[in-house]
Amino acid sequence: MIKKEVDIAIIGGGPTGLSAAISARKEGIDNILLIERNENLGGILNQCIHEGFGIEIFEETLTGPEYMQRFIDKVEQLKIPYMLNSMVLDINKKKEIIVCSPEDLIKVKAKAVVLAMGCRERTRGNICIPGTRPSGVYTAGCAQNFINLKNYMVGKRVVVLGSGDIGLIMARRFKLEGAEVLAVVEILPYSSGLPRNVVQCLEDYDIPLYLKHTVVNVVGRKRVEGVIIAKVDERWRPVKGTEKKIKCDTLLLSVGLIPENELSKMAGISLDPITNGSRVTENLETNIKGIFACGNVLHVHDLVDYVTLEAELAGKSAAAFVKGELRNESNIKVTAGNGIRYVLPHLISGKNDVKFSLRVMCPDRNRKIVVKDGEKILTKIPKMRVNPSEMIQFNLKKEYLEDVKELRVELE
Amino acid sequence: MKKKFVCIICPNGCEIEVKYSEEEIEKISGNLCEKGLDYVKKELFSPERGLTSSVNLKNGLLPLVSVKTSKPIPKEKIFALMDEIADIEIEAPVKIGDIIVKDILGTGVDIIVTKNVDKRIHS
Ligand SMILES: Cc1cc2nc3c(=O)[nH]c(=O)nc-3n(C[C@H](O)[C@H](O)[C@H](O)COP(=O)(O)OP(=O)(O)OC[C@H]3O[C@@H](n4cnc5c(N)ncnc54)[C@H](O)[C@@H]3O)c2cc1C
Ligand code: SF4
């Protein structure tokens, strides 16, 4: 086994890992190692060939590959060392990492670690759809990989379960490639994707969206021959008598993403059951000193621009930790109140400006985000429109946070 | 005629209702700013979309390379354009920004590469 010592090890070479590496280098850390299991950098953006990336950061709309290339170029230019085809198998509290690389097993001892592993898709098993087990059931991201990177068309008559952005984008992709998209089926009373995608992916192509519906059965022995969809009641139970059969050869699942936190658990990192990501301080440090988390492995993001900004902070914090300059005084709890599904970071110090990220429970109009300390209202942020599919961020200046005991964020 | 829109220009996402005839908007409500009116006008009378897809790649590390239109194209031309690029095959290596078709279908729009893909080295 080869042994290596580094200042900062970054696990995952997607947009998160790339930005964390660049930002740590800009803070003067030379000995960085970026570790990626795929054969190239860029993560999920390799297969996201549609537009809609970079509006916040570059003020232009780029495709996924164009967005990632700007950061890969920067990593090359700064000569940041990276390893490809190398998977991290293990990490412990002492920040010792075992990497399986084409050369050999490598043991990396790091002073600080940035977790940037992204997420993976929920599968049929995760949501328990009854029926037979024929071929032709894919997660949407898997189909995206086949079509956009491998040139395999996976089906001709398609039903999509779940109306998140990946499902919507893939519905359009199938249509453009000449397949029929018979339905997008969504259990909620609203689409869980961005309004822009509902317009440009479904309405443009007359693809029907069945809200408050789900797939109750998959039919077919060798290949999918059809799916049965049905209406659901308020508690998501299928309503008898509303079943309808749709003949199709492919069922795409776009039913959510799960942060890849197997490694985090090995290191003893404490996870939030709502986000499925680590609990972090305002520096994005986990409960293990010197291990930081950001991007989709911390919480699922809809916009890559926010991923990049979050990763910059994590890279900067990791650099400060290595230099012995990171002060850890975060002991004020931040909790999600009425109408808020989650809010990050979990802990703040009250001594610095903080950027908060949150998601609401359900879509609504003309609401206010209220930040409270006990009964005392610190600030109110009006929102014309709130939507669970769109992450909301806001900054609080440290002047607001002096002497705060516990922070509560609510929707009013 | 009447139609409802969700304005996608900014995060406010105004729900806009319009009454319109063949050529013009007669009544509009729900938009918080002028941009909403422009958006609806465009959507009703001359909708345009950017198109992204992929074309075949010879001798590349990938069998395909992703491409986009240099500017949005009229919505009704999307499928004609997809047909037009279906048979294209280009040679690796390719770089972001390479133009593969100039002025496709007389739209004044080019098809450009959106990914760097190297040549495959035969072993
Ligand atoms: C289909 C789809 C469409 C999207 N559309 C948009 C859009 O239109 N606009 C927008 O702004 N955003 C969009 N997003 C969101 C955006 O792409 C993501 O938020 C972003 O890519 C997350 O970056 P990441 O680096 O955290 O994760 P990823 O990009 O998933 O990168 C994680 C990397 O870590 C590597 N890794 C994981 N585990 C290990 C390990 N053990 N060892 C080594 N390497 C490991 C993985 O191989 C991967 O390369 C979309 C996402 C998807 C999936
Ligand atoms: S009408 Fe104006 S304010 Fe409303 S969503 Fe459109 S651009 Fe935004």
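Within every chain, numbering begins at 1; the chains are lettered A, B, ... in the order of the sequence lines, protein sequences first and strands thereafter.
With a 4.5 angstrom heavy-atom cutoff, A:Y67 does not touch chain B via any of its atoms. For chain B, no part of A:L194 is nearby; none of its heavy atoms comes within less than 4.5 Å. If you measure heavy-atom distances from B:L61 to chain A, you find no contacts under 4.5 Å at all. When heavy atoms are compared at a cutoff of 4.5 Å, B:D83 does not approach chain A at all. For chain B, the nearby parts of A:D204 are the backbone and the side chain; heavy atoms of each come within less than 4.5 Å.
Taking CG of B:L64 as the start and CD1 of A:I49 as the end, the distance is 8.0 Å to the nearest 0.5 Å. Rounded to the nearest 0.5 Å, atoms CE (B:M82) and CG (A:L176) are 4.5 Å apart. With values rounded to the nearest 0.5 angstrom, A:H50 atom NE2 is found 11.5 Å from B:T114 atom OG1. Considering CD of A:E51 and CG of B:L51, their distance stands at 9.0 Å, rounded to 0.5 Å. Note that CD1 of B:I96 is 5.5 Å distant from CD of A:E66, once rounded to the nearest 0.5 Å. Here the OG-CG distance, from B:S54 to A:N151, works out to 6.5 Å after rounding to the nearest 0.5 Å.
For the set B:S53, B:G50, B:C14, the count of heavy-atom pairs under 4.5 angstrom toward chain A peaks at B:S53. The most heavy-atom pairs under 4.5 Å with chain B, out of A:M68, A:R196, A:Q200, come from A:Q200.
The environment of CD in A:E60 is crowded: more than 12 heavy-atom neighbours from other residues, nucleotides or ligands sit within 6.0 Å. Around the NZ atom of A:K355, the shell of radius 6.0 Å holds more than 12 heavy atoms that belong to other residues, nucleotides or ligands. Heavy-atom contacts from other residues, nucleotides or ligands closer than 6.0 Å to CD of B:E91 number more than 12. With a 6.0 Å radius and a threshold of 12 heavy atoms from other residues, nucleotides or ligands, B:E23 has its CD atom at or below the threshold. Annotation: B:K3, atom NZ; neighbour count of heavy atoms from other residues, nucleotides and ligands within 6.0 Å does not exceed 12. Surrounding NZ of B:K75 are more than 12 heavy atoms belonging to other residues, nucleotides or ligands, all under 6.0 Å away. Counting non-hydrogen atoms of other residues, nucleotides and ligands closer than 6.0 Å to NZ of A:K150 gives a total above 12. When the shell of 6.0 Å around CD of B:E89 is examined, it contains more than 12 heavy atoms from other residues, nucleotides or ligands.
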Taking it one step at a time, do A:V199 and B:F5 satisfy side-chain contact (heavy atoms from CB on, under 4.5 Å)? CA-CA 9 Å; A:V199 174; B:F5 288 89; over 6 Å; no
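If you check the side chains of B:T52 and A:R173, you find no donor sitting under 3.5 Å from an acceptor.
The backbone N or O of A:N46 sits less than 3.5 Å from a side-chain atom of B:K115, completing a donor-acceptor pair.
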